[in-house]
Amino acid sequence: MSAKDIVHKIVREALEKDEWIITHDPLFLRVSENIGMFLDLAANKVIIADKETFKIAVEVKSFVGLSAVIDFHLAIGQFLNYRLALEELEPDRILYLAIPNDIYQNFFQDIAFPELIRYT
């Protein structure tokens with residue numbers, strides 16, 4: 001299991017403040033006999049008006065490395081692996097990538113990356 005990201009606690013508290021119930025911290029996914037993956041958080045939320053329970057998984061990334069491009073590639077690689085694992089093991093759970101707002105505004109909104117993110 002890898003160390004928690006420096007913004008992990010902030011993301012967890014924000015989810016709880018928005019009435020998500022944290023069900024796993026981390027969520028372990030056994031993808032084969034020899035391979036397991038740890039997603040940072042899993043949560044459920046009951047929407048009474050819809051009478052449905054929504055399930056999410058959240059991978060948290062702070063982008064504090066030396067290169068935002070390298071952090072981006074690592075995050076997208078993990079995201080794709082987790083999405084494939086969830087589709088197989090927990091298809092009703094939606095995967096999100098939690099990143100700091102400044103990274104979203106200054107890096108993810110760059111003209112080159114919206115196209116890439118759209119295909120992820």
Side-chain angles (χ1 to χ4, degrees):
M1 183 169 55
S2 62
K4 291 182 180 177
D5 195 275
I6 61 171
V7 295
H8 181 95
K9 184 178 176 188
I10 295 169
V11 172
R12 181 183 172 128
E13 288 172 354
L15 288 169
E16 290 172 330
K17 187 175 180 180
D18 195 36
E19 300 181 352
W20 286 92
I21 298 168
I22 304 298
T23 58
H24 300 81
D25 184 2
L27 171 63
F28 180 72
L29 300 172
R30 166 86 47 211
V31 294
S32 73
E33 186 174 317
N34 298 318
I35 299 173
M37 299 177 176
F38 288 96
L39 262 143
D40 288 323
L41 293 166
N44 294 349
K45 185 174 189 178
V46 177
I47 309 294
I48 294 173
D50 295 337
K51 298 180 182 176
E52 286 189 56
T53 299
F54 292 88
K55 295 180 177 181
I56 62 171
V58 181
E59 180 62 16
V60 181
K61 293 294 175 202
S62 63
F63 281 72
V64 294
L66 296 176
S67 166
V69 173
I70 291 173
D71 288 348
F72 174 75
H73 286 205
L74 292 172
I76 294 299
Q78 278 186 303
F79 188 89
L80 291 173
N81 288 336
Y82 295 156
R83 189 171 72 182
L84 289 173
L86 283 173
E87 285 175 1
E88 181 70 25
L89 301 170
E90 295 197 31
D92 58 340
R93 196 174 294 279
I94 298 170
L95 177 61
Y96 289 91
L97 178 63
I99 58 174
N101 190 47
D102 64 326
I103 293 295
Y104 177 77
Q105 293 297 329
N106 299 322
F107 186 77
F108 275 68
Q109 294 300 308
D110 186 289
I111 195 164
F113 295 113
E115 288 296 318
L116 179 59
I117 293 169
R118 193 170 306 137
Y119 294 110
T120 304

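When side chains are defined from C-beta on, Lys45 does not count as touching Ile56, because their heavy atoms never get closer than 4.5 Å. For the pair Lys9/Lys4, no side-chain contact is recorded, criterion being any heavy-atom separation below 4.5 Å from C-beta on. At a threshold of 4.5 Å between non-hydrogen side-chain atoms, the residues Glu88 and Leu29 do not count as touching. Looking at Asp92 and Phe54, their side chains never come closer than 4.5 Å, going by heavy atoms from C-beta outward. Annotation: side chain of Leu95 is in contact with side chain of Leu39 (closest heavy-atom distance under 4.5 Å). In this structure, His24 and Leu41 have side chains that are not in contact, with every pair of non-hydrogen atoms separated by 4.5 Å or more.
Linking ILVMFWY residues whenever their side-chain heavy atoms come closer than 4.5 Å, directly or via other members, leaves Tyr82 and Tyr96 in distinct clusters. In the hydrophobic clustering of this structure, Val46 does not group with Ile21; members are Ile, Leu, Val, Met, Phe, Trp, Tyr whose side-chain heavy atoms approach within less than 4.5 Å, directly or through other members. Cluster annotation: Met37 and Ile94 are assigned to distinct hydrophobic clusters (Ile/Leu/Val/Met/Phe/Trp/Tyr, side-chain heavy-atom contacts under 4.5 Å, transitive). Hydrophobic cluster membership is shared by Phe79 and Ile35, with clusters built from Ile, Leu, Val, Met, Phe, Trp and Tyr side chains linked at under 4.5 angstrom. At a threshold of 4.5 Å between side-chain heavy atoms, the hydrophobic network of Ile, Leu, Val, Met, Phe, Trp and Tyr places Ile99 and Leu74 in two separate groups.
Pairing each heavy atom of Asp40 with each of Asp25, the nearest pair is O-OD1, 3.3 Å. Summarising the geometry of Glu59 relative to Phe38, their closest heavy-atom pair is OE1-O, 4.3 Å, with the distance given to 0.1 Å. Listed here is the closest heavy atom pair of Ala85 and Val31: CB-CG1, 3.5 Å.
Between the side chain of Asn106 and the backbone N or O of Asp102 there is at least one donor-acceptor pair closer than 3.5 Å. No donor-acceptor distance shorter than 3.5 angstrom exists from the side chain of Arg93 to the backbone of Lys55, with no hydrogens or angles considered.
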> Can you check ring-ring contact (aromatic ring centres under 6.0 Å, His included) on Phe63 and Phe72, steps first, answer last?
Replying inline: CA-CA 8 Å; Phe63 281 72; Phe72 174 75; 7.1 Å; no

> What's the verdict on side chain to side chain contact (heavy atoms under 4.5 Å, CB included) for Leu97 and Lys61, showing C-alpha distance, side-chain angles and the deciding distance?
Replying inline: CA-CA 7 Å; Leu97 178 63; Lys61 293 294 175 202; 3.8 Å; yes

>> Checking Leu27 against Leu86 for the side chain to side chain contact (heavy atoms under 4.5 Å, CB included) test, could you report, in this order, the C-alpha distance in whole Å, the side-chain angles of both residues, the deciding distance, and whether it holds?
In response: CA-CA 11 Å; Leu27 171 63; Leu86 283 173; 4.3 Å; yes

>> Please determine whether side chain to side chain contact (heavy atoms under 4.5 Å, CB included) holds for the pair Asn81 and Gln78, giving the CA-CA distance in whole Å, both sets of side-chain angles, and the decisive distance to 0.1 Å.
In response: CA-CA 5 Å; Asn81 288 336; Gln78 278 186 303; 5.7 Å; no

> Given Val58 and Leu15, is the side chain to side chain contact (heavy atoms under 4.5 Å, CB included) satisfied, shown in steps?
Replying inline: CA-CA 10 Å; Val58 181; Leu15 288 169; 4.1 Å; yes

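Other residues, nucleotides and ligands contribute only 12 or fewer heavy atoms inside 6.0 Å of the CG atom of Leu66. No more than 12 heavy atoms of other residues, nucleotides or ligands shown are found within 6.0 angstrom of CD1 on Ile70. Within 6.0 Å of atom CD in Gln105, more than 12 heavy atoms from other residues, nucleotides or ligands are found, so the atom counts as buried in its surroundings.
Note that CZ of Phe28 is 10.0 Å distant from CG of Leu89, once rounded to the nearest 0.5 Å. Atom CD1 of residue Ile103 and atom CG of residue Asp71 lie 7.5 Å apart, to the nearest 0.5 angstrom. Rounding to the nearest 0.5 Å places CG of Asn34 at 8.0 Å from CZ of Arg30.
Using a 3.5 Å distance cut-off with no hydrogens or angles, the side chains of Ser62 and Asp5 do pair a donor with an acceptor. When only modelled atom types and interatomic distance are considered, Gln109 and Tyr104 share a side-chain donor-acceptor pair under 3.5 Å.
Using a cut-off of 4.0 Å between Lys/Arg side-chain N and Asp/Glu carboxylate O, Arg12 and Glu16 are scored as salt-bridged.
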